[in-house]
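Okay, so here's the structure we're looking at.
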Amino acid sequence: MRDAVTNLIRNYDVSGRYLDRNAVDALKAYFETGTARVAAAAVINANAAEIVRQAGSQLFDELPELIRPGGNAYTTRRYAACLRDMDYYLRYASYALVAGDNYVLDERVLQGLRETYNSLGVPIGPTVRGIQIMKDIVKEQVEAAGIQNASFLDQPFDHLTRDFSEQNV
Ligand SMILES: CCC1=C(C)/C(=C/C2=NC(=C\c3[nH]c(/C=C4\NC(=O)[C@H](C)[C@H]4CC)c(C)c3CCC(=O)O)/C(CCC(=O)O)=C2C)NC1=O
């Protein structure tokens, strides 16, 4: 596990430097958004089941072939596995938001995932779409909760989709 503060200190320690102007600016930016990050995580926590349900139903509306015979999310078991994966992405995104660092996603979610998905025929494009839909729903809900300046919300979701998309090239 790593967060914005420990990550920064580690980088400075490696080269034996005191925290300079850049470091202080980065720390200030992190602490200034701290309360909003925690509040956003609380919104996600309170609505997680509904966010996943709504994102799943929008995804399957857009791409109904996923849940038809031959689709990767066809059968109750695979449908449930797909929603469970969405729930993993959401939960770990909420950790990354609070940490202000995406390392937890690399370490706990993305490592080895592509191999697993490839071997099970889980399609990457629709997975990326599902994560984007969750991001949009989370942003709406966080905004509706009156949390301002929450531009940091994009970061973990975009990190996940970027990683999937890059690996897919
Ligand atoms: C916490 C980190 C973590 C992740 C991320 C994770 C993902 C993960 N998703 C899996 C399966 C799966 N993932 C999906 C997901 C989908 N299929 C679709 O068509 C959609 C596009 C998509 C949902 C958006 C499906 C359907 C399976 C079951 C595939 C199968 O068994 O044939 C599997 C194989 C083992 C299992 O079924 O449990 C893993 C390991 N496991 C973890 O521990």
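Bear in mind the structure is a predicted one, so any value in this text is a computation, not a measurement. Counting convention: from 1, in listed order, for ligands and their atoms alike.
- Counting only heavy atoms of the protein, atom 15 (C) of ligand 1 lies nearest to Cys82 CA, 3.5 Å.
- Side chain of Asn102 to main chain of Leu97: no donor-acceptor pair is present (N/O by atom type, distance under 3.5 Å, no hydrogens or angles).
- Shortest non-hydrogen contact noted between Val98 and Ala41 is CG2-CB, 3.6 Å.
- Among Thr116, Leu66, Leu113, the residue whose heavy atom sits closest to atom 5 (C) of ligand 1 is Leu113.
- For Phe60 and Tyr79, the ring centers sit closer than 6.0 Å to each other.
- Side-chain contact between Asp106 and His159 is present, with at least one heavy-atom pair separated by less than 4.5 Å.
- For atom 2 (C) of ligand 1, the nearest protein heavy atom (residue, atom name, distance) is Arg108 O, 3.5 Å.
- Ligand 1 is never approached by Tyr79 to a heavy-atom distance shorter than 4.0 Å.
- An N or O contact shorter than 3.5 Å links Arg77 to ligand 1 by distance.
- The aromatic rings of Phe164 and Tyr89 sit perpendicular, their planes meeting at an angle over 60°, well past the 30° parallel limit.
- The closest approach between Arg91 and ligand 1 stays at or above 4.0 Å for every heavy atom of the residue.
- Close N/O approach between Arg78 and ligand 1 is not found [any backbone or side-chain N/O within under 3.5 Å].
- With contacts defined as side-chain heavy-atom distances shorter than 4.5 Å, the pair Tyr12/Asp20 qualifies.
- Of the protein's non-hydrogen atoms, the one nearest atom 27 (C) of ligand 1 is Ala81 CB, 3.5 Å.
- Between the CD1 atom of Ile133 and the CG atom of Leu59 there is a distance of 5.0 Å, given to the nearest 0.5 Å.
- Between the Asn47 side chain and the Glu50 main chain, no donor and acceptor come within less than 3.5 Å of each other.
- Annotation for Asp101 and Arg2: closest pair CB-O, 3.9 Å, computed over non-hydrogen atoms.
- Both tests do not hold together for Arg68 against Tyr74: distance to the six-membered ring centre under 6.0 Å, angle to the ring axis within 45°.
- Residue Met86 approaches ligand 1 through these ligand atoms, each under 4.0 Å from one of its heavy atoms: 24 (C).
- Here the shortest heavy-atom distance to atom 3 (C) of ligand 1, taken over Phe60, Tyr89, Tyr88, Tyr117, belongs to Tyr88.
- Across Thr75, Asp85, Ile131, Asn72, heavy-atom proximity to atom 13 (N) of ligand 1 is greatest for Asp85.
- Distances between N or O atoms of Arg84 and those of ligand 1 include at least one value under 3.5 Å.
- Shown in contact with Leu120 at under 4.0 Å from a heavy atom are these atoms of ligand 1, numbered in order with element: 11 (C), 34 (C).
- Taking 4.0 Å as the cut-off, Gly130 does not count as a neighbour of ligand 1 on heavy-atom distance.
- Counting protein heavy atoms under 4.0 angstrom from atom 40 (C) of ligand 1 gives one or more.
- Heavy-atom contacts of Thr127 reach the following atoms of ligand 1: 21 (C) (cutoff under 4.0 Å).
- Atoms of ligand 1 lying under 4.0 Å from any heavy atom of Tyr92, numbered from 1 in the order shown and given with element: 1 (C).
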